[in-house]
Asks: 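First the structure, then my questions, so here it is.
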Amino acid sequence: MVEEAPPSSLITLCIDHLANQLLFGEDEVIAIIPVIYELPSHLLDDLISRLTPHALYHFHLHMPFQDVNEEDFSRDDSTNNKRKRSRDWNLNTAWQKLFELRWPDLINQIQPSDWQKAYWEAHLQNCLDEAAEIALISPFKGRLADINISESILRHIGFVRLAEHEYDKYSKLSYHCLQFGSHVSCLRLQNILCSAETTRLLRECKLQSMVVRCIRSVEQVNGLCRLINQHSRTLTSLEFIHCTLYENFLNTLLDSVVRKSVHKYALQKHGLQHLSIVSSSFGPCTGSLPTGLQSLLSSARSMCSLKLCGSRLGRNFAKALFVTLLSVSSCISVLDLAENEISGCLSHFNRRVPSYLRESHIGIGESLQLLRVLNLRGNNLRKDDAENLGYAFAYMPNLEDLDISDNPIEDEGLRYLIPYFAGTSEMCSRLACLKLEACDLSCDVVNHLLDSLPVLNGTLKSLSIAENCLGSKVAGALGRFLSTPIEVLDASGIDLLPSGFLELQNMLTIEEELSLVIINISKNRGGIQTARFLSKLLPQAPRLVDVNASSNCMPIESLSIISSALKFAKGNVLNLDLTGHDWDYTPELTSLCTEFVHNGKPILMLPVSSATAAPIDHDP
């Protein structure tokens with residue numbers, strides 16, 4: 001006699017009961033998780049889909065085969081191993097769905113392999129942000145650990161209508177830090193959280209990345225030092241934002257990163273790979289580096305990026321930094337000194353470097369041999385600085401990405417650099433990305449640059465000459481440059497005008513296929529000639545995905561030209577920006593938004609008044 005299956009309502013009731021018991025991690029339910037794990041797949045999947053994050057946490061924590069090693073998986077293809085791998089995958093998928101449900105705006109920004117880790121890391125960050133807000137706004141005098149997490153956050157992980165004794169346990173910040181800290185490796189901390197108590201709260205974490213905001217006092221510095229010391233073996237990235245870092249503060253903080261050796265003459269070391277100090281104050285400028293930073297750079301075997309941006313660094317500080325980098329052996333590949341005041345800091349490079357030093361594998365310049373990215377944007381560099389930078393390139397043979405935008409180097413300064421950019425100097429250029437925005441350049445020197453760059457033999461993939469008043473006379477050289485392997489071009493705000501776009505059209509030949517992927521031609525007052533240029537460009541650039549043609553004084557008639565080109569283009573354009581035009585609303589504009597769509601998102605970005613205006617209701 002075949003035994004009848006229990007009714008679906010009873011199964012559902014049982015599953016709901018199990019899900020509710022798992023929420024609080026009841027011992028009786030935890031004990032039978034191995035049995036639950038062996039349920040038929042459809043029942044187990046149904047259970048997992050009903051679990052709240054806190055219940056799924058308990059199920060995941062206590063499920064069997066946690067310690068099965070890779071050898072067990074590779075030994076055979078047994079049914080158990082197949083089921084184990086499948087169900088692990090199902091749990092990860094469940095965590096991904098829970099993450100997307102709670103943070104839909106973040107789901108496309110990350111792609112972790114472990115979604116449970118991503119979930120609890122984001123959850124704990126929410127808890128700490130809320131606790132910091134409470135401690136900063138109210139006259140807070142209690143312990144951070146006792147701050148109650150809001151019901152809205154508790155509801156997200158499954159706690160609804162808690163009993164008083166349950167609320168006392170599960171609402172405390174301490175519970176969330178200690179319970180989920182083992183899944184956390186990256187955190188952002190406000191200054192109020194930089195205390196000895198936070199060190200205890202985060203003892204379960206293995207922090208690899210830490211972002212700290214608004215450090216001001218000695219107490220906050222001391223608290224942060226304890227936190228850095230606690231995680232010094234795992235910490236690889238440290239960022240300070242809007243901090244006041246007097247020399248003694250900075251020395252204390254950075255000394256806590258460097259692990260002291262027990263042997264008197266042994267090298268000090270640290271595992272820090274990324275140090276960033278952004279929009280912070282260093283106090284009075286000195287002629288030498290703070291000893292803490294000097295010590296950090298001297299033991300920087302692992303450091304690969306150093307970012308000191310928008311912190312009003314002066315010439316002497318930056319000069320001392322370059323001198324230090326030249327005298328130590330580091331692996332720094334990214335150096336970002338944007339938005340400071342360091343004009344004159346490169347003067348010590350103003351001499352020829354003997355070839356035997358350039359070719360040597362040791363000695364001067366070793367620490368810059370691996371430098372690939374250099375950002376000097378917005379530093380008030382002048383033509384003399386550009387000349388000195390040309391000499392400095394001898395120390396940077398592997399430089400691939402250079403940004404010297406927002407510096408008034410003018411034509412004479414660029415002329416000093418063109419031989420390096422074009423690869424015609426003693427040093428062979430490897431530049432792949434060059435940014436020269438707002439450098440007070442004229443048409444003549446930029447024409448010379450564009451005609452010289454093809455000598456790079458295809459290494460240059462990205463160029464920006466934006467926000468230089470070049471005029472339409474640059475169009476000829478720019479048109480020839482489009483035929484090179486360039487992939488990203490920013491020519492916004494260079495005043496091409498209709499005549500410039502007309503010449504660009506004439507430079508494009510039908511049989512030629514361009515390598516462009518991204519192009520920005522906005523703010524050029526090109527009128528309808530902008531649209532006609534795009535109608536020729538789109539069919540000839542099959543790899544083109546992003547076009548910015550905003551604010552070009554185009555009339556409404558331009559839209560039909562552009563839409564026709566999109567229909568017949570070979571490419572895969574995903575975004576075409578036409579904002580910044582004064583177009584009256586017509587029903588055709590709305591239809592275009594729905595006609596050109598990729599993954600549910602419109603390809604055409606139309607002026608706000610056009611795209612969002614309500615349709616006219618002609619009904620009486």
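All heavy atoms count here, side chains included; hydrogens, waters and symmetry mates do not. These numbers come from a predicted model, not from an experiment.
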Asks: What heavy-atom pair brings Leu297 and Ile332 nearest, and what distance separates the two atoms?
Replies: CD2-CD1, 4.0 Å
Asks: Taking all atoms of both residues into account, what is the closest heavy-atom pair of Ala549 and Leu578, and its distance?
Replies: CB-CD2, 4.2 Å
Asks: Please find the pair of heavy atoms, one from Arg226 and one from Ala196, that lie closest to each other, and give the distance.
Replies: NH1-CB, 3.2 Å
Asks: Has the side chain of Asp46 got a donor or acceptor atom that lies under 3.5 Å from a matching backbone atom of His42?
Replies: no
Asks: Taking Ser492's backbone N and O only, do any of them form a donor-acceptor pair with Asp490's side chain (distance below 3.5 Å, no angle check)?
Replies: yes
Asks: Please check if the side chain of Asn379 supplies one atom and the backbone of Asn340 the other of a donor-acceptor pair under 3.5 Å.
Replies: yes
Asks: Below 4.5 Å, heavy atoms only, C-beta onward: do Ile157 and His176 meet side chain to side chain?
Replies: yes
Asks: Got a sec, which pairs hit salt bridge (charged side-chain N to carboxylate O under 4.0 Å, His left out) with one end in residues 114-128, sequence neighbours left out?
Replies: Lys117-Glu121
Asks: With side chains defined as the heavy atoms from C-beta onward, is the minimum distance between Asn92 and Gln116 less than 4.5 Å?
Replies: no
Asks: Using side chain to side chain contact (heavy atoms under 4.5 Å, CB included) as the criterion, point out the one residue from Leu308, Leu253, Val278, Val211 that pairs with Phe240.
Replies: Leu253
Asks: Run the salt-bridge test on Glu239 and Lys307 with the 4.0 Å N-O cut-off and return the result as yes or no.
Replies: no
Asks: Are the side chain of Asp336 and the backbone of Ala338 linked by a donor-acceptor contact shorter than 3.5 Å?
Replies: yes
Asks: Is the shortest heavy-atom distance from the side chain of Leu173 to the side chain of Leu201 under 4.5 Å?
Replies: yes
Asks: Do Arg102 and His123 have side chains that get closer than 4.5 Å, going by heavy atoms?
Replies: yes
Asks: In terms of ring plane angle, is the pair His54 and Tyr175 parallel, tilted or perpendicular, where the classes change at 30° and 60°?
Replies: tilted
Asks: Do Ser237 side-chain atoms and Ser209 backbone N/O form a donor-acceptor pair below 3.5 Å?
Replies: no
Asks: Evaluate Cys177 against Leu128 for side chain to side chain contact (heavy atoms under 4.5 Å, CB included), listing each step before the verdict.
Replies: CA-CA 9 Å; Cys177 289; Leu128 290 170; 4.2 Å; yes
Asks: Would you confirm whether the ring centroid of Phe282 sits within less than 6.0 angstrom of the ring centroid of Phe317?
Replies: yes
Asks: Side chains of Thr234 and Gln208: any donor to acceptor distance under 3.5 Å?
Replies: no
Asks: Nearest 0.5 Å, please: how far is CG in Leu250 from OG1 in Thr244?
Replies: 12.0 Å
Asks: Could you list the residues that satisfy salt bridge (Lys or Arg N to Asp or Glu O under 4.0 Å) with Asp406, not counting sequence neighbours?
Replies: Arg377
Asks: Would Ser462 and Glu487 count as having a side-chain donor-acceptor pair, cut-off 3.5 Å?
Replies: no
Asks: For Ser279 and His242: C-alpha separation, side-chain torsions, deciding distance, then whether side-chain hydrogen bond (donor to acceptor under 3.5 Å, both in side chains) applies.
Replies: CA-CA 5 Å; Ser279 301; His242 297 302; 4.6 Å; no
Asks: Before you tell me yes or no, could you show the steps for Arg312 and Glu339 under salt bridge (Lys or Arg N to Asp or Glu O under 4.0 Å), namely the whole-Å CA-CA distance, both residues' side-chain angles and the distance that decides it to 0.1 Å?
Replies: CA-CA 7 Å; Arg312 292 178 289 182; Glu339 308 299 336; over 6 Å; no
Asks: Just wondering, do Ile519 and Asp546 contact through their side chains at under 4.5 Å, heavy atoms?
Replies: no
Asks: Please, which pairs that meet salt bridge (charged side-chain N to carboxylate O under 4.0 Å, His left out) have at least one residue in residues 200-218, sequence neighbours excluded?
Replies: none
Asks: For residues Leu272 and Leu238, determine if any side-chain heavy atom of one lies less than 4.5 Å from a side-chain heavy atom of the other.
Replies: yes
Asks: Determine, step by step, whether Leu224 and Val212 satisfy the side chain to side chain contact (heavy atoms under 4.5 Å, CB included) criterion, reporting the C-alpha distance in whole Å, the side-chain angles of both residues, the deciding distance to 0.1 Å, and the verdict.
Replies: CA-CA 9 Å; Leu224 182 58; Val212 186; 3.8 Å; yes
Asks: Determine the minimum heavy-atom distance between Gln125 and Cys186, stating which atoms define it.
Replies: OE1-O, 4.4 Å
Asks: In terms of relative ring orientation, are Tyr170 and Phe159 parallel, tilted or perpendicular, with 30° and 60° separating the classes?
Replies: parallel
Asks: Nearest 0.5 Å please: distance from the SG atom of Cys309 over to the CG atom of Leu306.
Replies: 9.0 Å
Asks: What residues, two or more places apart in sequence or in another chain, satisfy ring pair (Phe, Tyr, Trp, His ring centres under 6.0 Å) together with Tyr119?
Replies: Trp95, Trp103
Asks: Would you say the side chain of Leu337 lies within less than 4.5 Å of the side chain of Leu321, judging by non-hydrogen atoms?
Replies: yes
Asks: When rounded to the nearest 0.5 angstrom, what is the spacing between OG in Ser174 and CD in Gln179?
Replies: 10.5 Å
Asks: Of all heavy-atom pairs between Ile228 and Met210, which one has the smallest distance, and what is that distance?
Replies: CG1-CE, 3.8 Å
Asks: Would you check if the side chain of Thr93 reaches a backbone N or O of Leu91 as a donor-acceptor pair within less than 3.5 Å?
Replies: no
Asks: Answer yes or no: is there a donor N or O on one side and an acceptor on the other, between the side chain of Asn548 and the main chain of Ser550, under 3.5 Å?
Replies: yes
Asks: The test is side chain to side chain contact (heavy atoms under 4.5 Å, CB included); show your working for Tyr167 and Asn148 and say whether it passes.
Replies: CA-CA 9 Å; Tyr167 183 81; Asn148 289 324; 3.9 Å; yes
Asks: Going from SG on Cys194 to CD on Gln220, what distance comes out if it is rounded to the nearest 0.5 angstrom?
Replies: 6.5 Å
Asks: Could you tell me which non-hydrogen atom of Thr579 sits nearest to which non-hydrogen atom of Leu606, and how far apart they are?
Replies: CG2-O, 3.4 Å
Asks: Scan for side chain to side chain donor-acceptor pair (under 3.5 Å) pairs involving residues 187-197, sequence neighbours excluded, and state none if there are none.
Replies: Ser195-Thr198
Asks: Salt bridge or not for Asp168 and Lys172, using N-O below 4.0 Å?
Replies: no
Asks: Measure the CG-CG distance between Leu374 and Asp403 for me, rounded to the nearest 0.5 Å.
Replies: 9.0 Å
Asks: Is it the case that the side chain of Glu100 and the backbone of Lys97 share a donor-acceptor pair, with hydrogens and angles ignored and the cut-off at 3.5 Å?
Replies: no
Asks: With sequence neighbours excluded, give me every salt bridge (charged side-chain N to carboxylate O under 4.0 Å, His left out) pair touching residues 142-155.
Replies: Arg143-Asp146
Asks: Does any non-hydrogen side-chain atom of Phe99 lie less than 4.5 Å from one of Leu106?
Replies: yes
Asks: Would you give the length of the straight line joining atom SG of Cys127 to atom CD1 of Ile153, rounded to the nearest 0.5 angstrom?
Replies: 5.0 Å
